[in-house]
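Numbers restart at 1 for each chain; the letters A, B, ... are given by sequence-line order, proteins then strands.
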Amino acid sequence: MSQTTIDPRSLRPPPKRPIRLSWSDERVRGIFWQVVVVGIVGSIIWWLYSNTVHNLEVRRIATGFGFLNREAGLPIAESLIEYSPTNSYLRALLVGLLNTLKVAVVGIILATILGTIIGVARLSRNWVIAKLSAVYVEVIRDLPLLLQLLFWYALLQGLPGPRQALHPAEGVFLSNRGLKLPWIEWQGAHSLALLLFVAGLVATWLYRRQALAKQIADGNPRPVWHVALLTLVALPLAGWYALGAPFTPDIPALRGFNFQGGLTLSPEYFALLAGLVLYTAGFIAEIVRAGIQAVPKGQWEAAQALGLRPGTVLKQIVLPQALRVIVPPMTSQYLNITKNSSLAVAIGYQDIVSIANTTLNQTGQAIEGIAIIMLVYLSISLSISFFMNWYNARIALVER
Amino acid sequence: MSDAATHTPTPARTPPITLVGPIGWVRTNLFSGWVSSLVSLLLLFLVVKWVLGFLDWGVFNAIWSVPNDAAGRPDTSSCRALAGTGACWAVIGEKHRFILFGTYPYEEQWRALLAILVFIALFIVSAMRRFWRKELALIWIGALTLIGVLMWGGLLGLAYVPQERWGGLVITLILATFGLAFAFPLSILVALGRRSKLPAIKALCVLYVELVRGVPLISVLFMASVMFPLFLPEGMNIDKLLRAQIAIILFAGAYLAEVVRGGLQTLPRGQYEAADALGLSYWKKTGFIILPQALRLVIPPLVNTFIGFFKDTSLVLIIGIFDLLTAGKTAIIEPAWQGFGIEVYLTVGFIYFCFCFAMSSYSQRLEAELNQSRGR
């Protein structure tokens, strides 16, 4: 590798001139304009602030976050943690935050899967598949998300009641009370199995990394599947079996006017999730399509000429290059799902916005309520972009 | 020699009928393998089934109008009797003026309709490249003033209509268009500020853009509806619609600023350096060299962002402003029409779709055209 020689003269710092107090000095002008702009913005903020303080005094609105420890008295229909209206506002907000995360995380996973499938389908050589996905993408992206949410919610509410519920499979009921699915009675053994599975994922990933490093060193491929089988299937199963292999199916059944048991997806959650996933999948599909099309055809052909198998070509040659194009816009889609989950308030799913909104109506402390909403979303947004930036840097082209 | 002169070549054989023409097309595009054939057949079957089902529901079994009962109210029992097997389009016939114009006075609704047409004309004029000149700004100012006169009235013999009575499609168009008209200059300033060498100005712009982009639009709208009154001095009151409009402008400004910044970044550095070498001042450089080129580059993403905001104006439903979607949702609150949400949402969706689809196909065509000239 020949290195370009750097002209040593260009490294010399520019001569330092003393600041002259003159309008023709660029630095003086710079400082002047900065002082002007900061002064204007600062005085506007100060004006708004003093108005607010005055208004709060006149209207006798309390300030501060003391209300967080008071009894909330607001009922929440679905919650991941134990909650009752006698709990504090803080806990109510925590429930809302978890509900937001519940929609956002599941939504991100499902939208990625569906969007990838549709994006690949748009490039299919089969005319029906390609056209259908194109129509889907065009239609879904041109309708407001809120309209879609209201539409799904209206559709779900138009479903028959529990007694005439749609019953497509054993233990699955779809009614205006939501979707009921069979589940199992969760016990310690299941938690252990889940824990072992997660540990297995980490172990497989570490092993794969090592195997790849060795393959790069001596050229011999080392299979990973047996380690994966052991840590992802055998170990969790063994853990579950060691604790007595409990398995009690919890199948929903109609008792009286409603269902008992089973896993419930409320109509609100279901409509919100369906709307978010279907909407965002349209955008993700376009990103995936653009990413795949951005890889030059020569890359496929060159890889095939080297004698690589089609699966290897996709995995080792095309995908790593496509991901570089895909990941940055994908990040903003993930952020969009999270932010759009705040539309929950329109259909009555109790996410953080909905609960903070009720809180600010009950306590009258608007500033604190909105500050909480903004703070929560800012932290979620920053964490997602932080993670995605890290991932993006990892897969970025290594340039010399 | 003479042989060759009299030689007539045998005409080329036509390719087998299975490779060209409609049959060839069907073979390569639908039935290229047994998996492909199976999927094609299955999907075609499903599409035909769904389309027929939708036609059954939306056309053949649908009810288009309902009689009035003794009290003069619409009698929707015939619609209810369908029990979901057919659409009840009568709700649209009854409520379409409410959905389009909200509570605007009935006999003055032609003014709202005219305002909508002015909006559409404004969009069409802005889309034509021969109008991409400085005069376009004047056209915008003129059209927006005309719309204001039409909607408010109080001039030229038009009756005054207070803002609280406005509603429907025209609100959606106002929020989106005025939002763009004011957010665009703001976004240019912010984008320039973010690329500025002055640290304080850069920090302010970065803070504004990242703060706004990190929070959902709803929280900004909530802020406008509940916090804004606290910010203002006592006695000063801003209308709800204007507050939402300000929120949308501030929100759109941050997103548009990022789009404009993208244009500023793709512009080759030589352009900046050449302008500096000519000894132009910062504002001359920006106004005559940088912006005319950078803005041209970002028109397609700008249109896409605008489509996003056009859709996002529907969020004002949550703070109770009467836009197209809110009007649709309110139309079915009346007991007689409860439960016919699907019909109303399909209609409202169709209106949104027409606007967004027109804009997105325009932006795609434009992108192709602009790329073509750049590739040359």
Contacting region of B/I351 [heavy-atom separation from chain A under 4.5 Å]: neither
Rounded to the nearest 0.5 Å, how far does CZ of B/F350 lie from CG of A/L147? 13.5 Å
Should A/L150 and B/Y345 count as side-chain neighbours, where that means a heavy-atom distance under 4.5 Å? yes
With a 4.5 angstrom heavy-atom cut-off, is it the side chain or the backbone of B/L198 that approaches chain A, or both, or neither? both
What part of B/L204 gets within 4.5 angstrom of chain A, counting heavy atoms only: side chain, backbone, both, or neither? side chain
With a 4.5 angstrom heavy-atom cut-off, is it the side chain or the backbone of A/L132 that approaches chain B, or both, or neither? side chain
What part of A/N357 is in contact with chain B, defined as an atom under 4.5 angstrom from a non-hydrogen atom: side chain, backbone, both or neither? side chain
Bottom line for A/L382: the part with an atom under 4.5 Å from chain B's heavy atoms is neither
So what's closer than 4.5 Å to chain B heavy atoms on A/I373: side chain, backbone, both or neither? side chain
Gap between atom OH of B/Y255 and atom OG of A/S332 - 0.5 Å precision: 9.0 Å
Does any heavy atom of chain A fall under 4.5 Å from the side chain of B/V47, the backbone, both, or neither of them? side chain
Measuring heavy-atom distances to chain A, does B/L315 have an atom under 4.5 Å in its side chain, in its backbone, in both, or in neither? both
Pairs of heavy atoms under 4.5 Å with chain B: top-ranked of A/V37, A/N55, A/V41: A/N55
Heavy-atom pair with the smallest gap, counting every atom of B/K311 and A/D142: CD-C, 4.1 Å
Checking A/S381 against chain B: side chain, backbone, both or neither under 4.5 Å from a heavy atom? side chain
Which atoms of A/V139 come close to chain B, meaning under 4.5 Å heavy atom to heavy atom: side chain ones, backbone ones, both, or neither? both
Less than 4.5 Å to any heavy atom of chain A: does that hold for the side chain of B/Q364, its backbone, both, or neither? side chain
Using a cut-off of 6.0 Å, state whether more than 12 heavy atoms not belonging to B/K202 lie near its atom NZ. no
Decide side chain to side chain contact (heavy atoms under 4.5 Å, CB included) for A/E138 and B/S361; before the verdict, give the C-alpha distance in whole Å, the side-chain angles of both, and the deciding distance to 0.1 Å. CA-CA 10 Å; A/E138 280 303 325; B/S361 17; over 6 Å; no
